Amino acid sequence: MLTVPDRGACLAKLRGLGLERCILSEEAAVIPVRNPAPAGSQTLQDIVAAVADLDGYTWRLVEGAERAAGGAGAGQDDRMVALAAHVPDLGVALAWASSVLGMPTLHQYQSSSGYATALVGFPHAQHAGSTGPALELIQGDTAAQAESGLAHLVISTSDLQKTVQHLQLLRQSVEAVQLGAMDDPTGLVSAARINGPGNLRFCFVQADAA
């Protein structure tokens with residue numbers, strides 16, 4: 001998912017470059033907003049476009065700029081830092097995220113057509129009403145996700161050993177693996193991997209080694 005200042009302008013730019021074939025859908029999905037008002041309501045929605053890059057990968061475009069003055073949600077800064085992933089059963093995935101990752105459900109949405117999605121994460125530390133880094137879970141087919149290799153998520157932790165112990169207490173099967181370091185892909189760092197809902201895999205690494 002890519003956050004852009006103006007979804008329409010991005011689509012117009014693609015058309016202007018003769019790349020209209022890359023536009024898969026101008027309204028591929030409707031997802032919950034990050035800071036609805038009043039709290040807990042579902043008054044605002046984000047319209048998401050789907051585009052393909054020249055290598056064939058699909059990207060979602062969603063507007064992340066401050067909403068227009070005078071409109072719904074005016075003055076609310078849409079600080080979206082989210083990764084979207086598909087799961088076969090949204091209810092099971094939400095329960096797992098809460099019990100294992102400690103990530104509460106921030107917003108949940110289901111359309112009349114059956115499209116179901118939820119955002120899990122934590123409230124933003126500095127901006128009331130907004131969220132910090134979050135994970136959007138979408139109920140749907142996970143086959144393409146597995147084929148793309150985009151089903152592996154890495155989470156840094158201040159104490160890897162304690163995290164492993166906690167996961168084991170929750171009866172999670174923990175596998176010790178080696179990952180390439182962010183600052184030096186030729187180097188390796190120790191990680192603990194668990195299986196999440198669907199085909200998602202979560203790897204925990206020591207914060208100073210990530």
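Since the structure is predicted, the reported quantities are computational estimates derived from the model, not experimental observations.
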Can you list the residues that meet the side-chain hydrogen bond (donor to acceptor under 3.5 Å, both in side chains) rule with Asn195, with sequence neighbours excluded?
Arg201
With a 4.5 Å heavy-atom cut-off, do Gln178 and Val189 have their side chains touching?
no
Quick check: closest heavy atoms across Val51 and Leu14, and the distance to 0.1 Å?
CG1-CD1, 4.0 Å
List the atom of Lys162, the atom of Asp159, and the distance in Å for their closest heavy-atom pair.
N-OD1, 3.1 Å
Do you know the tightest heavy-atom contact between Gln139 and Pro88?
CG-O, 3.7 Å
Among pairs that include at least one residue of residues 164-179, which meet salt bridge (Lys or Arg N to Asp or Glu O under 4.0 Å), considering only residues two or more places apart or in two chains?
Glu175-Arg193
Partner set under side-chain hydrogen bond (donor to acceptor under 3.5 Å, both in side chains) for Thr105, not counting sequence neighbours
none
State yes or no: do Val174 and Leu169 share one hydrophobic cluster built from I, L, V, M, F, W and Y residues joined by side-chain heavy-atom distances below 4.5 Å, directly or via other members?
no
Single-linkage hydrophobic cluster Ile23~Trp59, side-chain heavy atoms < 4.5 angstrom:
yes
Are Arg15 and Glu26 within salt-bridge range, i.e. N to O under 4.0 Å?
yes
Taking every non-hydrogen atom, the tightest pair across Pro104 and Gly121:
CD-O, 3.0 Å
Considering all heavy atoms, the nearest Leu160-Gln206 contact:
N-OE1, 2.9 Å
